[in-house]
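I have placed the structure first, in the form of structure tokens, so that the comments after it can refer back to it.
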Amino acid sequence: MNIYRHGDVLIEAIERPNKLTEVFTGQQYTVAEGEATGHSHVLSTRTKSGIRVFQDTAGNRYLDITGQARIRHQEHKELTLEPGFYRVGQEREYDYFLQEVRRVVD
Amino acid sequence: MEFTPAARRTIERLAAAARNYGKVWDEAAVIAAMREYYAELKVPMPKTVVIDDLVIGYKESVDLARDTAWDTARDTAWDTTRAAAWGAARGAAWDTAWGAAWAAAIQNAGLDKDPKVAKFIALEAKLLQALEAGLGWFFPMQDQLLLVPMPQLKVSDERLHSEDGPAVLWRGGLSYHFLHGVRLDEKLWQKITTKKLTGKEALSLENIEQRMVALKLMDPEKMLKSIGAKLVNSSLRGNYLYQVPAGVFSITAWFLKYQDPSTGRLYVSGIDPEYAAEHPLADECMAWKFGLEPEQYEQLRVEA
């Protein structure tokens with residue numbers, strides 16, 4: 001089972017779901033950016049068009065990585081991702097003031 | 001790695017300039033260095049205008065035409081050198097996106113005998129002089145050369161950080177407040193640094209990094225105690241689940257304290273009350289935070 005946690009980002013290997021829309025193709029993709037720190041989780045490969053990003057109707061993102069990829073961040077250790085199809089997850093929390101679940105904002 | 005004396009000197013000058021960021025502004029020396037820089041490029045230098053901060057610099061530059069002669073001359077010098085020295089110099093300066101560091105690496109690799117490379121090194125030497133005199137940025141426009149002095153920076157542990165004033169202060173007074181690399185507006189920064197922020201207020205901060213620095217300065221344990229939090233469960237993976245009785249919030253609240261595996265920073269984050277009541281285990285609540293089943297979190301080993 002391939003699940004990677006990189007700070008507040010989770011990347012989980014899954015079977016490719018149906019009905020996805022391609023939103024990005026390239027060699028480098030910013031998975032998440034921090035507002036207060038200006039830092040970002042950046043995925044890159046050596047293969048041109050080695051990263052394809054898809055979205056489902058709910059806005060969930062998926063990565064199709066054809067070569068070995070690295071995910072980097074200014075403060076987190078670098079991780080190597082094997083080729084595969086992944087779901088991008090983002091850390092969430094419960095806001096007791098708004099009484100709702102929301103994505104962690106950093 | 002062995003450095004030649006010239007390369008070592010350049011690296012030492014860069015380090016000294018970094019230590020003096022914002023402390024030096026010698027306008028005459030900056031202009032003189034830039035004049036020599038333009039002379040090396042064989043491009044006439046337009047009149048110089050000193051701009052207070054980078055925000056204004058960018059704004060001004062949008063309304064002005066770029067100096068295409070400068071661009072061409074500079075690009076030619078840079079590209080030729082990069083093509084010649086890339087392979088050999090890359091190891092020494094890969095992580096230093098700075099022309100002078102490149103020059104040091106090129107000198108070190110013994111490539112500075114090539115006249116084109118020597119020209120590049122001469123150019124970078126002028127920029128290093130300007131940097132030493134306090135130049136932060138410059139915008140080479142057609143009719144004006146905009147010069148922006150380096151702001152005063154307060155850095156601790158390689159992060160912007162100041163508990164007694166702004167961590168970034170530009171010449172014109174524009175300032176930014178940071179704690180441990182996290183930007184905060186002045187009001188919040190003041191509340192945190194004067195210890196006037198309550199535990200409840202800290203937990204209400206929407207941005208988790210701002211919440212983290214507030215808790216860091218308050219001490220997370222003390223803050224949790226101040227709102228009557230009781231430790232319910234802890235795990236070997238460093239996750240701690242706390243319950244806060246109704247009263248502080250309108251319902252019984254559950255918070256997870258956990259450590260980032262890479263940075264070691266401590267975070268406190270709310271857990272869905274229904275889920276936490278049914279799964280009052282720290283690791284299961286951590287699994288919920290990432291949308292994982294508890295057994296998936298158990299198998300999650302690659303964390304950074």
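These numbers were taken from a predicted model, which means no experiment stands behind them. Residue numbers begin at 1 in each chain, while the letters A, B, ... track the order of the sequences.
Taking non-hydrogen atoms and a 4.5 Å limit, the residue list of residues 89-97 of chain A in contact with chain B, ordered by number, reads A:Gln90, A:Glu91, A:Arg92, A:Glu93, A:Tyr94, A:Tyr96, A:Phe97. Within residues 49-68 of chain A, no residue has any heavy atom closer than 4.5 Å to a heavy atom of chain B. Within residues 99-106 of chain A, the residues approaching chain B closer than 4.5 Å by heavy atoms are, in numerical order, A:Gln99, A:Val101, A:Arg102, A:Val104, A:Val105, A:Asp106.
Residues A:Asp8 and B:Ile208 have side chains not in contact (no heavy-atom distance under 4.5 Å, counting atoms from C-beta outward).
Contact of B:Leu292 with chain A is made through the side chain alone, with heavy-atom distances under 4.5 Å. Only the side chain of B:Phe249 comes within less than 4.5 Å of a heavy atom in chain A; its backbone stays farther off. Only the side chain of B:Phe255 has a heavy atom closer than 4.5 Å to any heavy atom of chain A.
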Let's go through A:Leu10 and B:Leu300 carefully: what are the C-alpha distance in whole Å and the side-chain angles of both, what is the deciding distance for side-chain contact (heavy atoms from CB on, under 4.5 Å) to 0.1 Å, and is it a yes or a no? CA-CA 10 Å; A:Leu10 189 94; B:Leu300 169 63; 4.2 Å; yes

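The choice from A:Gly34, A:Gly7, A:Gly38 that makes the most heavy-atom pairs within less than 4.5 Å of chain B is A:Gly7. Contact tally against chain B (heavy-atom pairs below 4.5 Å) for A:Glu75, A:His6, A:Gln74: the top residue is A:Glu75.
Shown here is B:Tyr58, whose OH atom has no more than 12 heavy atoms of other residues, nucleotides or ligands within 6.0 Å.
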Show which side-chain atoms of residues 176-185 of chain B pair as donor or acceptor with protein atoms under 3.5 Å away, not counting sequence neighbours.
unit_1: B:Asp185; atom_1: OD1; unit_2: B:Lys187; atom_2: N; d: 3.2
unit_1: B:Asp185; atom_1: OD1; unit_2: B:Leu188; atom_2: N; d: 2.9

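Separating the OG atom in B:Ser204 from the CG atom in A:Leu98 is a distance of 9.5 Å, to the nearest 0.5 Å.
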